Participant: 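The structure under discussion is supplied below as structure tokens; questions concerning it will follow.
Nothing here was measured: the structure is a model prediction, and the numbers come from that model.
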Amino acid sequence: MTRAPRSAFPELHRVFSGYLHEDVLAESGTPEAALRTFWADASRDERRRFQREVTRFLAHTAELDLDQLRALVPALGCGGIPPSRKRLAALLTAASSAPEAPP
């Protein structure tokens, strides 16, 4: 997969463009803080969709080289370029495995 249409990952697109946009550092300080804000804002269903899409996205992009991954992430609305595949995977995995908020 060299391109991931926004329609294939709508929740990732929403999170990337809404929380990991070009002003993420000014607004949240770190990408991790921005994703914690998403998690706090999100409904249980939004969190579950995000978790499913993170798993799918990481599986679909596992064979891409770093340049291809760096081109793909902004196409999904992310304002930052990941320094490495490992860093992006760790960020998304940590965010998607955060504990559920109480009902």
Side-chain angles (χ1 to χ4, degrees):
M1 169 189 281
T2 56
R3 293 182 44 173
R6 292 176 182 175
S7 62
F9 298 100
E11 196 65 28
L12 277 181
H13 175 256
R14 189 177 77 76
V15 172
F16 283 0
S17 63
Y19 294 87
L20 295 177
H21 49 71
E22 65 276 352
D23 295 326
V24 65
L25 298 180
E27 290 183 9
S28 299
T30 66
E32 293 83 1
L35 289 176
R36 283 192 300 273
T37 300
F38 155 71
W39 203 257
D41 292 348
S43 70
R44 182 172 283 167
D45 287 341
E46 289 168 329
R47 291 181 194 144
R48 287 181 183 144
R49 283 193 303 269
F50 178 75
Q51 289 170 321
R52 283 191 303 267
E53 286 189 20
V54 164
T55 300
R56 233 173 12 94
F57 177 79
L58 292 175
H60 281 108
T61 60
E63 300 300 319
L64 297 182
D65 67 30
L66 185 56
D67 288 337
Q68 292 170 314
L69 187 63
R70 286 180 169 169
L72 178 62
V73 173
L76 286 171
C78 188
I81 304 296
S84 69
R85 171 186 303 289
K86 183 178 178 179
R87 178 74 182 102
L88 177 63
L91 177 68
L92 293 176
T93 300
S96 69
S97 61
E100 284 289 328

Participant: For the residue pair L66 and P83, what are the closest heavy atoms and their distance?
Facilitator: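 Closest approach of L66 to P83, heavy atoms only: CD2-O, 3.8 Å.
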Participant: What residues form a ring-ring contact (aromatic ring centres under 6.0 Å, His included) with F16, not counting sequence neighbours?
Facilitator: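 F16 satisfies ring-ring contact (aromatic ring centres under 6.0 Å, His included) with no other residue.
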Participant: Backbone N or O of P10 within a donor-acceptor pair of the R49 side chain at under 3.5 Å?
Facilitator: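 Absent.
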Participant: Which heavy-atom pair separates R14 from F38 by the least distance, and what is that distance?
Facilitator: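 Result for this residue pair: NH2-CE1, 3.4 Å.
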Participant: Quickly, which of E46, Q51, R48 forms a side-chain contact (heavy atoms from CB on, under 4.5 Å) with E11? Name it, please.
Facilitator: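 When side-chain contact (heavy atoms from CB on, under 4.5 Å) is applied between E11 and each of E46, Q51, R48, only E46 qualifies.
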Participant: When the side chains of residues 73-80 are checked against the rest of the protein, which donor-acceptor pairs come out under 3.5 Å, sequence neighbours left out?
Facilitator:
none

Participant: Using the side-chain contact (heavy atoms from CB on, under 4.5 Å) criterion, which residues pair with A89? Sequence neighbours excluded.
Facilitator: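 Residues passing side-chain contact (heavy atoms from CB on, under 4.5 Å) with A89: L58.
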Participant: Would you give the length of the straight line joining atom CZ of R52 to atom CZ of F9, rounded to the nearest 0.5 angstrom?
Facilitator: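 Here the interatomic distance stands at 13.0 Å.
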Participant: Holding to side-chain hydrogen bond (donor to acceptor under 3.5 Å, both in side chains), I want the full list of residues that pass it with E53, two or more places apart in sequence or in another chain.
Facilitator: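 In terms of side-chain hydrogen bond (donor to acceptor under 3.5 Å, both in side chains), with neighbours along the sequence ignored, E53 is linked to no residue.
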Participant: Quick one: which residue pairs count as a salt bridge (charged side-chain N to carboxylate O under 4.0 Å, His left out) with a foot in residues 28-42, not counting sequence neighbours?
Facilitator: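 Listed once each, the pairs are E32-R87.
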Participant: To check you understand the geometry: which heavy-atom pair defines the closest contact between V54 and S96, and what is its length?
Facilitator: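 Looking at all heavy atoms of both residues, the shortest contact is CG1-OG, 3.8 Å.
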Participant: A34 and Y19: which non-hydrogen atoms are nearest, and at how many Å?
Facilitator: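 What the structure gives for the nearest pair is CB-O, 3.2 Å.
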Participant: Measure the CZ-CG distance between F57 and L72 for me, rounded to the nearest 0.5 Å.
Facilitator: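 One finds 4.5 Å between CZ of F57 and CG of L72.
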Participant: Applying salt bridge (charged side-chain N to carboxylate O under 4.0 Å, His left out) as the test, list every pair that has at least one member in residues 66-76; sequence neighbours left out.
Facilitator: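 Not a single pair qualifies under salt bridge (charged side-chain N to carboxylate O under 4.0 Å, His left out).
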